[in-house]
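What follows is a set of notes on a single structure, which appears directly below.
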Amino acid sequence: MKYWLMKTEPDAYSWDDLKSEPNHTDHWDGIRNYAARNHMRDMSVGDLVFFYHSMIKVPAIVGIAKVVKEAYPDHTQFDPDAKYFDPKSPQDNPRWDMVNIQAFQELDTEVTIKELKAIPELSEMALFRISRLSVQPVTEVEWKLITGMRKLQPVK
DNA sequence: GCCAACGTTGGC
DNA sequence: GCCAACGTTGGC
């Protein structure tokens, strides 16, 4: 079992948006960064994901999602009308992948970046070291520490 | 709005 | 292959 963190701007797509999808599940399209893509390719069904809201007043981990489908080609790279259309991506060897995630667990309250920053054991998190990486690994130690800070409940 | 960090592009 | 210019991310 591996652990991850995925960032999203809630104005574009939020935790509530994911929860309102059929089966609380959606595909994670639009990733156009090789490091982030490679992390998605390393994901396995059952891996857990911190769902993180960025570009807002109080950036925070707002929920826990689960990987329910492993990496497969992101169809939006071939759609000329899509925001993340990539005309240079070869049809027979697509550059960009996505995974499917499902909203899995609720936190009783969100875990803010301020709170995370105050914890010395978390100072090496990719979240702080590699600021622009929108899909990133979380270590087991980091995962257990953070999830231990909150009550978790299944998403209904 | 500012600015640091980092990725991408393109000239040479 | 190098590197300057530029664009984007994202916290503050």
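What's counted below: heavy atoms across the whole structure, side chains too, no hydrogens, waters or symmetry copies. Here the structure is a predicted model, which is why all the values come from computation and not from measurement. The sequence lines fix the lettering, A, B, ..., with proteins before strands; numbering per chain opens at 1.
Using a 4.5 Å cut-off on side-chain heavy atoms (C-beta onward), W143(A) and E140(A) make no contact. Using a 4.5 Å heavy-atom threshold, the side chains of L152(A) and I64(A) count as touching.
Residue R32(A) is out of contact with every strand shown, counting any heavy-atom pair closer than 4.0 Å. Across all strands, Y52(A) comes closer than 4.0 Å only to sugar-phosphate atoms, never to a base (heavy-atom distances). Contacts of K57(A) with the nucleic acid, taken as non-hydrogen atoms under 4.0 Å apart, are absent.
For the 3.5 Å distance criterion, the side chains of W15(A) and E110(A) fail to qualify, holding no donor opposite an acceptor. A donor-acceptor contact closer than 3.5 angstrom links the side chains of S89(A) and Q77(A). For the residue pair D86(A) and W96(A), a side-chain donor N or O sits within less than 3.5 Å of a side-chain acceptor on the partner.
Mapping heavy-atom proximity under 4.0 Å, the span of DNA chain C touched by chain A runs 5' to 3' from dG7(C) to dC12(C).
A heavy atom lying under 4.0 Å from DNA chain C marks the following residues of residues 112-119 of chain A, by number: I113(A), K117(A).
Among all heavy-atom pairs drawn from E70(A) and V45(A), the shortest one is OE2-N, 3.0 Å.
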Check against salt bridge (charged side-chain N to carboxylate O under 4.0 Å, His left out), R41(A) and D97(A): CA-CA 8 Å; R41(A) 289 184 175 177; D97(A) 282 0; 3.0 Å; yes
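In terms of the side-chain hydrogen bond (donor to acceptor under 3.5 Å, both in side chains) criterion, residue partners of T76(A) (sequence neighbours excluded) are, by chain and number, R32(A), D74(A).
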